[in-house]
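Note sheet for the following structure.
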Amino acid sequence: MGRYNPKEVEPRWRKVWDEADLYATREDGDREKYYVLEMFPYPSGKIHIGHVRNYAMGDLIARFKRAQGFNVLHPMGWDAFGMPAENAAMQTGGHPKDWTYANIEVMRDQLKQMGLSIDWSREFATCDPEYYAHQQKLFLDFWAAGLVERRESYVNWDPVDMTVLANEQVIDGKGWRSGAPVERRKLSQWFLKITDKADDLLDALDDGRLDGWPENVRTMQRNWIGRSRGLKMRFAYTACETAPDGTTGLEIYTTRPDTLYGASFCAVAPDHPLALAFAKGDKAVEAFIADCQRAGTSEEAIEKAEKKGHPLPLSVDHPFIDGKKLPVFVANFILMGYGTGAIFGCPAHDQRDLDFARKYGLEVTPVVLPADADPATFTVGDEAYTDDGSIFNSDFLDGMNVPDAIDASINRIEEMEQGEATTQYRLRDWGVSRQRYWGCPIPAIHCDTCGVVPVPAEDLPVRLPDVAAEEFNTPGNPLDRAEDWKNVTCPKCGRPATRETDTFDTFMDSSWYFARFAAAREDVPVDKARADYWLPVDQYIGGVEHAILHLLYARFFTRAMKDTGHLSVDEPFANLFTQGMVTHETYLDPDETKKLKDRWILPDDVIRKDDTIVWEKTGEPVIVGAIEKMSKSKKNVVSPEAIAETYGADAARWFMLSDSPPERDVEWTEGGIVGAWKLMNRIWETVEAGEGLLAQNDLGVVPAELDDPSMALRRATHSAIDGVTDDIENFRFNKAIARIYEFVNALRKAEGAHDWVRAEALGSLTQLIAPFTPHLAEECWACLGREPFVCDVPWPSADPGLLVDDTVTLAVQVNGKRRGEISVPTDASKADAEKLALADPDVMRHTEGKTVRKVIVVPGKIVNIVVG
RNA sequence: GCGGACGUGGUGGAAUUGGUAGACACAACAGACUUAAAAUCUGUCGAUCGUAAGAUCGUGCCGGUUCAAGUCCGGCCGUCCGCACCA
């Protein structure tokens, strides 16, 4: 007897599991497969509580499915390339590689301490040449398949990190990592043609292929891809054949060709070729463009920015109205990156166009009439009319609704050979070049004679050269200066050439790792047969912060890998679950003379005294700040190591899964972890009281004639099995935990129950907690004298006969208000229930002297008596 | 502005297709045990009135449907998330 001692118990069981090699997985045709994967961690140094929550969920699912008889794959790896390693190298004078692998060593140990059922034989880091060699091969295959493009383009340049960012990595005009305002630069860049797959990426969101994904993630991806159907058309220049940029007409894009009759001007983006061409000979145009480019791109700047334009010295002909000319402006609100960078303006039905037209005195002709408006008097004031209606003032379109008019105008423009229907995307191709050392080298060679040449497959991998530590303290990319590595001969012509010195965006590394786990040691990127067995991932679990970037890239990669014969699936993740963050209170030093960033105090350094929280150092109260996501900057972090040391890994896992629904944020509190710890002890104590009770896995037949307390415990056992199973299957871990609490409470009150029933209850309890708290469960299982291992025992099933009682309590309402309750046999007829309800004294007090007009009986639930 | 999620005790949160609102836990309070504390155990715990039995009110606000609404419908208010001068 004695308290449960996780410090001794947990390592002991992990050793036993290790020696039995329990969690190594092989392909096995007899059992159905189940692939559960949590987003792999970046080896930043130590695991944090967020990891604990993420991996506790994944391990819960893995163990649950394993007990249900599935052949479970549950692997782990490291997303190991990336800038923090270079920053650390800069600060410590070391090498990114040493820093990264040292962190992996530490974090692997920490993860192992959590008692996860992971197949460590499949572990890899993305910075292993054995991994990135295959990534280079995939890239070469994509290149050959036409999915890669090298082009000169404006890029988002992060001046702090000195690298290019993908559009997805620019948030509010700032770098996603550095927070520095992003600059525009023109560079030659590698692109993956994700827009080639835009339609399928979008369609799969709605055609059932991603039914296992949360709606919010699908919506985010839908918005991000941003498909719109419209018309690309040319407006002929009035009285001139060609413009200074060499074009013979202005090509615009519109989704509202139905409003063509309301057009009153055209406008182009400040960096549109036409505008730039005019700027060369026109100081005013040049000045206007420069002015536009100076304006910020932040959200605020855009919102406040006034619609501004500058006329260009030419006009265009209206396609439908003979003799009507439209002026052409350069305007600050047109984006070069969307459509053709040019529009026609219809002020009556677009707010931006209206603002612009009012400012420059352009005509406003309404052409869409609201349903109840009078065509003779309808005008547009300061608000554009953007809803549906019937077309008027528009010749052949008059009387149509908006969708019909859109079709009709497109047809007419196509007949006139002035344009065609097209689809536009907000999504742009994925720029994958990064001017960094610590990434996967791009396998390409630049030759003056042959141009850009792929590295031959047999020369892979292109390994990162070892460079001296001081290289990381020099601005720019160390690969640019690694002369021995950089200078090669051209594989085509044999003349001197140079390697590509950019490396891949690290999001590429995480875009296919799930497929590599199927056969992590094979000498091909993906072993097709084994990948066909394991993929898709049946359950993927991670943070919602990856809803767009990582998940979209992985979906694209999977399609590209299918095109190039590496995979057979086109969606990588059949079911996705996005878990909430772990938050914590923040504490502030009240001394306001200090800078804010120096005032945050660690939770470990404060003490709760009655109602106030004081700083250990001074004994003075601290300011209790908001409950926020744990972050190093606000110091509101707790160390999983310290928690495990004090309470054990099981208690930490349990707490992270209790209370809050898994998709919601959970607040880390001292009270919460203590509560979990108390339960560990309570379970242990309860099981220990039944030590060796019927020490066998198979209890045999149920004894006949059990007394009432025994029957009650059996019912509690089976309803716990039923409820917990259902809750786990539906990701309601907090409810599953609540049911286990109820079951434990029932079990502790049932000491007089029959031994057989107690043995059944204790065994079931142990099995039910096993996916949550594997060490404790194994210890309990051994204590009961059952055969190891509980994690390999089939999941218990509930006897449906024990889920219903033979009597049931019905609430009785009078006029919808609860006035009493009656106990009736479960199979009682409606008439019997009605009779009993009407005879109940509590009910009769409210029906006395009144006429019963109606009685509604819902079997098993409620009786409602309507009186008047 | 567009799209999505949500709003329940002091707190985290339960409530399957409309059918006993507040499961389970945290905090708080009272009691038992103890020299004492911790731990553990028992009890109370939405609000108001009442010694009690009980009554009335109560799921962001207003209205509606229904025998019955946290749940459905209409209209507001508020919070969070994503996108955003996307033509």
Side-chain angles (χ1 to χ4, degrees), chain A residues 3 171-172 214-224 226-228 230-231 252-257 259 267 269 297 299 301-307 331-335 337-346 349-353 355-356 386 424-427 544-545 547-548 611 627 655 658-661 663-667 669-672 674-676 678-679 681-682 685 723 726 730 732 734-745 748 809-821 842 845 853-868:
Chain A
R3 289 184 64 157
I171 293 144
D172 293 344
E215 185 53 47
N216 62 335
V217 174
R218 286 193 283 164
T219 303
M220 282 187 227
Q221 295 218 347
R222 209 176 289 128
N223 292 342
W224 190 264
R227 177 165 64 193
S228 69
L231 172 68
I252 62 98
Y253 174 74
T254 180
T255 55
R256 293 295 302 274
T259 63
T297 51
E299 190 180 328
I302 286 165
E303 228 161 63
K304 284 184 197 145
E306 203 184 343
K307 304 281 175 282
N332 64 345
F333 64 99
I334 312 301
L335 304 173
Y338 187 77
T340 62
I343 59 139
F344 82 80
C346 175
H349 306 291
D350 182 286
Q351 192 59 47
R352 294 155 303 172
D353 296 350
D355 294 346
F356 189 80
T386 54
Q424 281 293 323
Y425 302 94
R426 212 190 72 95
L427 181 73
V544 74
E545 66 272 19
I548 296 172
D611 285 349
I627 297 163
F655 172 38
S658 57
D659 294 337
S660 285
E663 68 277 11
R664 237 181 273 180
D665 289 355
V666 64
E667 189 195 351
T669 59
E670 187 67 16
V674 170
K678 285 179 183 172
L679 184 77
N681 280 292
R682 214 131 46 95
E685 194 180 87
D726 191 52
N730 292 294
R732 293 186 297 234
N734 56 323
K735 281 186 65 189
I737 282 180
R739 285 183 201 276
I740 292 173
Y741 270 106
E742 277 180 292
F743 182 33
V744 172
N745 292 342
R748 287 163 68 85
T809 305
L810 297 186
V812 183
Q813 298 180 332
V814 179
N815 283 353
K817 283 192 174 148
R818 185 179 171 280
R819 297 299 183 189
E821 55 184 43
D842 287 332
R845 287 192 298 116
R853 299 195 185 279
K854 197 173 175 185
V855 179
I856 293 120
V857 180
V858 183
K861 302 266 186 189
I862 207 163
V863 179
N864 192 10
I865 300 162
V866 187
V867 298

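By convention in this document, chain letters (A, B, ...) are assigned in the order of the sequence lines, proteins followed by strands, and residues within each chain are numbered from 1.
- What separates CD of A/Q351 from C1' of B/C2 is a distance of 14 Å, to the nearest Å.
- Contacts of A/E215 classified as salt bridge (charged side-chain N to carboxylate O under 4.0 Å, His left out), with partners at least two apart in sequence or in another chain: A/R218, A/R222.
- If you take CG of A/D350 and C1' of B/G1, they are 12 Å apart, rounded to a whole angstrom.
- Map A/E742 and A/G339 each onto its nearest nucleotide of RNA chain B; the residue landing nearer the 5' end is A/E742.
- Taking atom C1' on both nucleotides, B/G64 is separated from B/C6 by 23 Å, rounded to a whole Å.
- The CD atom of A/Q221 sits 10.0 Å away from the CG atom of A/L427 when rounded to the nearest 0.5 Å.
- Rounded to whole Å, the distance from CD1 on A/I252 to P on B/C86 is 15 Å.
- Closest approach of A/S660 and A/D665 over heavy atoms only: OG-O, 3.4 Å.
- Taking CZ of A/F344 as the reference point, atom CG of A/L231 lies at 8.5 Å (rounded to 0.5 Å).
- Nucleotides B/A47 and B/G22 are separated by 13 Å at their C1' atoms, to the nearest Å.
- With sequence neighbours left out, A/A269 forms a side chain to side chain contact (heavy atoms under 4.5 Å, CB included) with A/D271, A/H272, A/I334, A/M336.
- Looking at A/D842, A/V863, A/V866, A/V867 one by one, the single match for side-chain contact (heavy atoms from CB on, under 4.5 Å) with A/V814 turns out to be A/V867.
- For A/N332 and B/A87, the CG to C1' distance is 14 Å, given to the nearest whole Å.
- Every residue two or more places apart in sequence or in another chain that forms a side chain to side chain contact (heavy atoms under 4.5 Å, CB included) with A/N745 is listed here: A/R682.
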The contact string for nucleotides 3-16 of chain B, one letter per nucleotide 5' to 3', using protein heavy atoms under 4.0 Å with B, S and - for base, sugar-phosphate only and none, comes out as SS-------BSSS-

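- Put simply, A/Y338 has a side-chain N or O that comes within less than 4.0 Å of OP1 or OP2 on B/A87.
- The residues A/D353 and A/K307 are annotated as not salt-bridged, no charged nitrogen and carboxylate oxygen being separated by less than 4.0 angstrom.
- Side-chain contact between A/V544 and A/N216 is present, with heavy atoms from C-beta onward closer than 4.5 Å.
- Here the separation of B/G7 from B/A21, taken at their C1' atoms, is 16 Å to the nearest Å.
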Intra- and inter-strand pairing of RNA chain B, written as dot-bracket with Watson-Crick and G-U pairs under 3.5 Å and | for the latter, reads (((((((..(((......[....))).(((((.......))))).((((....))))..(((((..]....))))))))))))....

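- For the P atoms, the distance from B/C72 to B/U20 is 16 Å, rounded to whole Å.
- Scored by the side chain to side chain donor-acceptor pair (under 3.5 Å) test, A/E821 finds A/R818 as partners (sequence neighbours excluded).
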Which pairs, protein N/O on one side and nucleotides 62-67 of chain B N/O on the other, fall under 3.5 Å?
unit_1 : atom_1 : unit_2 : atom_2 : d
B/C67  : O2'    : A/N864 : ND2    : 3.1
B/C67  : O2     : A/N864 : ND2    : 2.7

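- Listed candidates were B/U20, B/C85, B/U56. Nearest to the side chain of A/K817 is B/U56.
- Remark: the separation of the C1' atoms in B/G19 and B/A32 is 41 Å, to the nearest Å.
- Residue A/L679 is classed as having no contact, given no heavy-atom separation below 4.0 Å to the nucleic acid.
- A/N815 pairs by the side chain to side chain donor-acceptor pair (under 3.5 Å) definition with nothing, not counting sequence neighbours.
- The gap from the P atom of B/A39 to that of B/C83 amounts to 46 Å, rounded to the nearest Å.
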Under a 4.0 Å heavy-atom criterion, the protein footprint on nucleotides 38-54 of chain B, written with B, S and -, is -SSS------------S

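- Atoms CZ and CG, on A/R426 and A/N223 in that order, are 8.0 Å from each other to the nearest 0.5 Å.
- Of the candidate nucleotides B/C24, B/A87, B/U20, B/A87 has the atom lying nearest to any side-chain atom of A/T255.
- Both A/V544 and A/I343 lie close to RNA chain B; mapped to their nearest nucleotides by heavy-atom distance, the more 5′-ward contact belongs to A/V544.
- Judged as a side chain to side chain contact (heavy atoms under 4.5 Å, CB included), and not counting sequence neighbours, the contacts of A/R227 are A/D199, A/L202, A/D203, A/R229, A/T423, A/Y425.
- Rounding to the nearest 0.5 angstrom, the gap separating the CD1 atom in A/I862 from the CD1 atom in A/I856 is 10.0 Å.
- With sequence neighbours excluded, the residues forming a side chain to side chain donor-acceptor pair (under 3.5 Å) with A/S228 are A/Y253, A/Y338, listed by chain and number.
- Atoms CZ (A/R256) and C1' (B/A87) sit 10 Å apart, rounded to a whole Å.
- In this entry the distance linking CZ of A/R426 with P of B/G82 reads 13 Å, nearest Å.
- Within 4.0 Å (heavy atoms only), A/Y741 reaches sugar-phosphate atoms of the nucleic acid but no base atom.
- Regarding the sugar-base torsion, B/G9 falls in the syn class, its angle being within 90° of 0.
- Here the P atom of nucleotide B/C26 and the CD1 atom of A/I737 are 13 Å apart, to the nearest Å.
- Nucleotides B/G70 and B/A15, compared at atom P, are 15 Å apart to the nearest Å.
- Nucleotides B/A84 and B/A23 are separated by 43 Å at their C1' atoms, to the nearest Å.
- A/F655 meets the ring-ring contact (aromatic ring centres under 6.0 Å, His included) test with A/W668; sequence neighbours excluded.
- In this entry the distance linking CG of A/L335 with P of B/C86 reads 7 Å, nearest Å.
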